[in-house]
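Encoded as structure tokens, the structure appears first; notes follow it.
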Amino acid sequence: MAEITAVLLNFLKAIGKYRWHAIVITWVVALIGWVVVLRLPNQYEASARVYVDTQSILKPLLANMTSVPNLEQQVMFMRRTLISRPNVERLMRMVDLDVKAKDTKEHDKIVDELMQQIKITGTERDDIYTITYTADNAKLGKDVVQSLLTIFVEGSFSGKKQDSEKAVQFIDDQIKTYEEKLAAAENSLKEFKLKNLGMLPGGGSGTGDFGGQLQQAVDQLSQARLELAEAEQARNAIRRQISGDPAKPGTVKVDPALMDPELEARIVAAQKNLDTLRMQYTEQHPDVISTRRLLDQLMAQRAELAKGKKRSLDPGASYSPMLQQLNVSLSQAEAHVASMRARVSEYEARVARLRTQSTTAPEIEAQFAQLNRDYTVNRENYQKLVERRESARLSGDLTSATDMLQFRVIDPPTVPNHPSGPNRLRLFSLVFVGALVAGLAVAFLMSQLRPTFLSQSALREVTGLPVLGSIGMNWTPEQTVKRKRRLVALASSVLLLFGAYGIGMAAILVRPTL
């Protein structure tokens, strides 16, 4: 403890030796600092608070009709990019600060100062944001905050609306492209249908696909052949009834085969079976060969029966009404046989044509399916693009709707009546403290640059020699008076310094706008 006390005493003695230097430095620093503080321009802080309402009833109503924008993310992005160079340059034009810049360098300086002085605070949880700006002019501060509020509100709408317009323009370009593709696909499909009419699946025949048409034609040919065989048998029967070469008037020949209906039934059944087999197999098939052999045997048996003829005992048979009726029936049978042959020929030609076309039908069907697929894809893409365009337009209109994103100004920007800065009381006190510290530091520095021994112990420690004694200062009356005057002057200087500090503080409290 004694050592610390000795060090402090030596420090005070060293400073006391250069006390006038300390007083002068303190006064100079204090006066210069106080003048600077008093001449600092007043600062006026203008602010505005705005509440952003992102909870709209339109969001759940239009969720399935269009893409609802993320309002919270939109407001957050605008808040973080509000103090950007393009927005600050626009702000300068709105408040006429750009006219003060004489060159590009000064313009950039004003922009940088504005970016540092503008503050935006608030939280996304409460959706309340505060815009603050400090300026030397109260009206300028209000104008800047009002302009920032306008940019904040407009920017929250314009960005998304521009995005929607660009999206609509892009979709319109794609729609035009798909319109051309769709028209080309429709023309290709139309020309292909006209070129291959009748060979397409379900091509207007009402019979389904091409295989169905061929099967139906084969069935019709089989039926026609069967009907032709029946017509020929009926005609032949009539011929046998009226055939014969009578030797004398009143006598006619009667075919004994007409008296065997079982043989005729077997011949008709064999003929039908042979026609059916020919539709399914070739002429070299064993079933076709055996059936044809059976039919030949039956026909030969009927021919053998036809050789034997008996005379009719009716002398007027050749001139009877029954014969005339048989001749009429024969004519009708001949006509029916001719029509059935024509039908069979037509069906045979149709079947032959379909079989000839059967090799190209699969390729045509594949080409038709490809054209249909291309046309369907283009049409679906076109319809989807039209729907997306309407959705994008609705989204753009929805973004610009005031009901989706409402801005409610809680505290509008006003012209401040009192300056918010600088804090002259604190700065005045800091200057006073700094002046005192500067004076003491200068005195201590000079004591270190020009050291003296202030005690016997210091001299003994430095020299290492014993100190036998010391001689005290004997002040004369004149020196005593001068010493007292110097002490009074020193005290007066210190008191004046503190008095000047007190007067300055009082003046600042009375008139803070100095």
Side-chain angles (χ1 to χ4, degrees), residues 193-243 255 257-258 261-303 306 323-362 364-365:
K193 286 182 177 180
L194 294 176
K195 181 179 179 181
N196 300 281
L197 188 63
M199 296 184 64
L200 301 177
S205 62
T207 59
D209 56 357
F210 184 81
Q213 296 181 31
L214 179 59
Q215 184 62 37
Q216 183 181 10
V218 171
D219 294 340
Q220 291 175 348
L221 176 60
S222 300
Q223 184 65 27
R225 284 178 175 175
L226 182 59
E227 293 178 358
L228 175 60
E230 292 175 352
E232 287 178 347
Q233 292 297 329
R235 182 202 61 183
N236 294 335
I238 297 173
R239 280 183 177 178
R240 285 192 294 270
Q241 290 181 5
I242 65 175
S243 65
D255 192 352
L258 293 177
E262 182 180 356
L263 180 61
E264 292 295 330
R266 291 180 64 189
I267 292 174
V268 172
Q271 183 68 39
K272 291 181 179 180
N273 190 18
L274 180 61
D275 292 338
T276 303
L277 292 174
R278 284 176 175 174
M279 294 176 187
Q280 298 178 359
Y281 308 108
T282 61
E283 294 292 335
Q284 287 75 25
H285 196 273
D287 292 342
V288 175
I289 295 173
S290 62
T291 304
R292 188 169 61 248
R293 185 181 298 112
L294 176 61
L295 181 60
D296 293 339
Q297 292 174 359
L298 293 175
M299 293 297 292
Q301 185 178 358
R302 187 179 64 178
L323 183 58
Q324 296 178 1
Q325 184 66 32
L326 288 175
N327 289 329
V328 173
S329 298
L330 179 61
S331 299
Q332 294 176 352
E334 291 287 353
H336 183 61
V337 169
S339 64
M340 291 307 300
R341 286 178 178 173
R343 181 180 299 181
V344 170
S345 299
E346 175 62 26
Y347 285 148
E348 288 177 347
R350 184 179 302 178
V351 170
R353 183 177 69 252
L354 291 175
R355 285 178 177 174
T356 304
Q357 294 174 351
S358 61
T359 57
T360 59
I364 293 175
E365 290 181 359

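Side-chain atoms are counted along with the backbone in the values below, which use heavy atoms only and exclude waters and symmetry mates.
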Please determine whether side-chain hydrogen bond (donor to acceptor under 3.5 Å, both in side chains) holds for the pair Gln215 and Asp219, giving the CA-CA distance in whole Å, both sets of side-chain angles, and the decisive distance to 0.1 Å. CA-CA 6 Å; Gln215 184 62 37; Asp219 294 340; 3.2 Å; yes

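The nearest pair of heavy atoms linking Ala270 to Leu295 is CB-CD1, 3.9 Å. Taking both residues in full, the closest heavy atoms of Leu228 and Val337 are given as CD1-O, 3.6 Å, listed atom of the first, atom of the second, then distance. The two residues Val218 and Val351 have their closest heavy-atom pair at N-CG2, 3.9 Å.
For Glu230, the side-chain hydrogen bond (donor to acceptor under 3.5 Å, both in side chains) criterion is met by Lys272, not counting sequence neighbours. The side-chain hydrogen bond (donor to acceptor under 3.5 Å, both in side chains) check on Arg235 picks up nothing, with sequence neighbours excluded. Residues passing the side-chain hydrogen bond (donor to acceptor under 3.5 Å, both in side chains) test with Gln297: none are found, sequence neighbours excluded.
One distance of note links OG of Ser345 with CE of Met340; it measures 10.5 Å at 0.5 Å rounding. With rounding to the nearest 0.5 Å, the separation of CZ in Arg225 from OH in Tyr347 is 13.0 Å. If you take CG on Leu294 and CD1 on Ile267, they are separated by 9.5 Å, rounding to the nearest 0.5 Å. Summarising the geometry, atom CD belonging to Glu348 is positioned 10.5 Å from atom CD belonging to Glu346; distances are rounded to the nearest 0.5 Å. Note: Leu274 CG to Arg293 CZ = 12.0 Å, rounded to the nearest 0.5 Å. In this structure, Thr291 OG1 and Gln271 CD are separated by 10.5 Å, a value rounded to the nearest 0.5 Å.
Here the side chains of Ile289 and Arg292 are in contact, with some heavy-atom distance below 4.5 Å.
Asn236 contributes a side-chain N or O that, together with a main-chain N or O of Glu232, makes up a donor-acceptor pair within less than 3.5 Å.
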